[in-house]
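Data first, discussion second: the structure below is written as structure tokens.
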Amino acid sequence: MRLSRYFLPVLKETPAEAQIVSHRYMLRAGMIKQQAAGIYSWLPLGYKVLKRIEEIVHEEQIRAGHIPMLMPTLQPADLWRESGRYDAYGPEMLRFKDRHDREMLYGPTNEEMITDIFRTYVQSYKDLPLTLYHIQWKFRDEMRPRFGVMRGREFYMKDGYNFDLTKEDALHAYNRHLVSYLRTYERMGLQAIPMRADGGPIGGDYTHEFLVLAETGESEVFYDSAITELRFGNRDIDYDDVAQCQAILEEFTSRYARTDETHDETLFHQQVPEERRRRARGIEVGQIFYFGTKYSEPMGAMVVNDKGERVPVHMGSHGIGVSRLVGAIIEASHDDKGIIWPEGVTPFHCGIVNLKTGDAEADAACDAIHDSLVALGLDPLYDDRDERAGAKFATMDLIGLPWRITVGPRGLKNGVVELTCRRTGESQELPPEKAVERIAQIYGKALAEA
RNA sequence: CGGAGCGUAGCGCAGCCUGGUAGCGCACCUGCUUCGGGAGCAGGGGGUCGGAGGUUCGAAUCCUCUCGCUCCGACCA
């Protein structure tokens, strides 16, 4: 993509309403525009990142054997009356009537609807286990939206629902989700720690929240610092292997890690030696629940088991805050010049800076680099604007592309361009073809690992 | 929802207290010079001062109401 033909409205000054770094950079980098309190348009650059995150979530869900689908944003109130949540949910739920005076709501989550779908079509234990999920916009009319997309009213979320015959099967589904989530976050360059959490209005005894440590996090967290040494890495996972999934759950959840909702100071002191006790803040980027027959019973989601008995299915629900992750990743990865995208979610694989647009040699070299990257299936952003070098560097640093190829007449005289790493600031001079090769290598390697 | 504050050009702000018909920086347009870390000079365009009432000869400025947004608190992916 040539920047002169793209739409990237970067701001030099920080809009007054943005309090935290991710919100400031998302506005300045031209990723989002606020349309109302807690409601945002996703401009092209932000949209690209959102879609990258969504893709990773899909890939990992499908890998775990979960099945994608799509439910609507609007739901009839009647479904929610069946579960009893129409009254239980407060003013956070956006309610309205259609032209026929039917009560509707903008879905804050989809347990009722998925249960309705399940009960319509599934009658036998032979159709289990089943996990369906979708990635869809949700709305919760927060009293006080803030922090940009981290705490919006409208948000994009993956929510998945498992249906199993027994509690044991459902707990395996729970473990499977935990494992798939660990993989998912790591691919985004994040360390998200599963912490014992509180059920909240969704309910459930078994639940973990996934927290990314960040000073601006909304939750206070307490944990054993040994947890931060754990890496999922490039493991071979068989998601049907009950023992393997259980072992991974134990590996990642056996040490003390809780949010303030469930924190127990006495237990904390008993279980964690003083030098490893940590108190910090975290951003919640996902949560998994097992809640048994909480919805299947009242809503009649039953199957016939192998003894011919009609029994309610055991369920769980599992969420990943896709739009929130965009902010969370920035909170976890930035410096005073701007965003630093992890390779897994970057909107463009690398930037190309032409230091002297209009110089025949520089233009030709940039075109060649751009075209060879595209031919390799990569997506570069070429700054071909007639701007000064400083402005181009500042823009590249702000939008946070992990790699930059700088092309100028001075280097070209010696047959070299400059390849710079956004994260470390390190750069090396090398011939244009070698720079292209390096970028291909970086992403080829990253793709092979994924 | 309780408390606090802010709405003046695309963005950041001044002007308001002490009424006299709107200004600065950035951005934008034109020209010249510049050109490896957000250039310089010269010229130019752009604002129903959130909205509605009221007071006044006259309102961005004073009064009333209203809408929107932000911050602190209680609630949440």
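Quick note on labels: first sequence line is chain A, next is B, and so on, each numbered from 1.
- Taking atom C1' on both B/rG45 and B/rA9, the two are 11 Å apart, rounded to the nearest angstrom.
- Where A/Gly152 and A/Ala391 each meet RNA chain B at their nearest nucleotide, the meeting point lying more 5' is that of A/Ala391.
- Look at B/rC65: its Watson-Crick or wobble partner, with both distances under 3.5 angstrom, is B/rG51.
- When the P atom is used for both B/rG31 and B/rA22, the distance is 31 Å, rounded to whole Å.
- As a whole-Å value, the separation of A/Arg388 CZ from B/rC35 C1' is 5 Å.
- Counting to the nearest Å, the C1' atom of B/rU34 and the CG atom of A/Leu355 are 15 Å from each other.
- Residues of residues 32-46 of chain A having a heavy atom closer than 4.0 Å to RNA chain B, listed by number: A/Gln34, A/Ala36, A/Ala37.
- B/rC17 makes up no base pair with any nucleotide shown, lacking Watson-Crick or G-U wobble contacts both under 3.5 Å.
- Close placement of the A/His66 and A/His177 rings is indicated, their centers lying within 6.0 Å of each other.
- Distance noted for atom P between B/rC65 and B/rA4: 15 Å (whole Å).
- Nucleotide B/rU30 forms a Watson-Crick or G-U wobble pair with B/rA42, both donor-acceptor distances falling under 3.5 Å.
- At the heavy-atom level, A/Gly408 lies under 4.0 Å from base atoms of the strands shown.
- Rounding to whole angstrom units, CG of residue A/Leu8 and P of B/rA27 are separated by 16 Å.
- To the nearest angstrom, P of B/rG36 lies 15 Å from CD of A/Glu429.
- With hydrogens and angles ignored, no donor-acceptor pair under 3.5 angstrom links the side chain of A/Arg28 to the base of B/rG12.
- Between B/rU61 and B/rU55, the distance separating the two C1' atoms is 13 Å to the nearest Å.
- Proximity of A/Lys356 to the phosphate of B/rC35: no side-chain N or O atom is located under 4.0 Å from OP1 or OP2.
- Judged by the 6.0 Å and 45° rule, A/Arg278 forms no cation-pi pair with A/Tyr223.
- Between the side chains of A/Arg176 and A/Thr131, at least one donor N or O lies within less than 3.5 Å of an accepting N or O.
- Judged by Watson-Crick or G-U wobble contacts below 3.5 Å, the nucleotide B/rC1 has B/rG73 as its partner.
- Here the nucleotide nearest the side chain of A/Thr395, chosen from B/rG38, B/rC71, B/rG36, is B/rG38.
- A/Gly90 comes within 4.0 angstrom of no nucleic acid atom, judged by non-hydrogen atoms across all strands.
- With sequence neighbours excluded, the residues satisfying ring pair (Phe, Tyr, Trp, His ring centres under 6.0 Å) with A/Tyr256 are A/His263, A/Phe268.
- Between A/Thr14 and A/Glu17, the residue anchored closer to the 5' end of RNA chain B is A/Thr14, taking for each the nucleotide with the nearest heavy atom.
- Counting non-hydrogen atoms under 4.0 angstrom, A/Ala389 reaches the backbone sugars and phosphates but no base.
- Between the CG atom of A/Leu11 and the P atom of B/rG25 there is a distance of 20 Å, given to the nearest Å.
- Rounded to the nearest Å, the gap between the P atom of B/rG50 and that of B/rA14 is 14 Å.
- By the 30° and 60° cut-offs, the orientation of the rings of A/Tyr206 relative to A/Tyr174 is perpendicular.
- Nucleotide B/rC35 holds its P atom 16 Å from the CD atom of A/Glu387, rounded to whole Å.
- Spacing of C1' atoms, B/rG46 relative to B/rC26, comes out at 15 Å, to the nearest Å.
- Between B/rC11 and B/rC69, the two C1' atoms lie 16 Å apart (nearest whole Å).
- Of the candidate nucleotides B/rC1, B/rG38, B/rG37, B/rC1 has the atom lying nearest to any side-chain atom of A/Met143.
- Between the side chain of A/Arg146 and the base of B/rC76 there is no donor-acceptor pair of N/O atoms closer than 3.5 Å.
- Summarising the geometry of A/Arg95 relative to A/Gly90, their closest heavy-atom pair is NH2-O, 3.0 Å, with the distance given to 0.1 Å.
- If you take CG of A/Leu398 and P of B/rC11, they are 18 Å apart, rounded to a whole angstrom.
- Comparing B/rG12, B/rG36, B/rC75 by their closest approach to the side chain of A/Glu142 singles out B/rC75.
- The A/Arg404 side chain lies nearest to B/rG37 when the options are B/rC26, B/rG37, B/rC75.
- Taking the six-membered ring wherever Trp is involved, the centroid distance between the rings of A/Tyr6 and A/Phe348 falls below 6.0 Å.
- Across every strand in view, B/rG12 sits in a pair with B/rC24 that passes the Watson-Crick or G-U test at under 3.5 angstrom.
- Of the listed nucleotides (B/rG37, B/rG36, B/rC1), B/rG36 has the atom at the smallest distance from the side chain of A/Glu418.
- Contact check, A/Arg140 against B/rC76: no side-chain N or O comes under 4.0 Å of OP1 or OP2.
- Between A/Arg2 and the options A/Asp363, A/Asp383, A/Asp371, A/Asp384, a salt bridge (Lys or Arg N to Asp or Glu O under 4.0 Å) holds for only A/Asp384.
- Spacing between atom CG of A/Asp260 and atom C1' of B/rC75 amounts to 13 Å, rounded to whole angstrom units.
- Going from the C1' atom of B/rU34 to that of B/rA42 covers 15 Å, rounded to whole Å.
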With side-chain hydrogen bond (donor to acceptor under 3.5 Å, both in side chains) as the criterion, how do A/His318 and A/Tyr133 come out once you've worked through the C-alpha distance, each side chain's angles and the decisive distance to 0.1 Å? CA-CA 9 Å; A/His318 317 278; A/Tyr133 78 93; over 6 Å; no

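- Taking the centre of each ring, A/His23 and A/Phe147 stay at or above the 6.0 Å mark.
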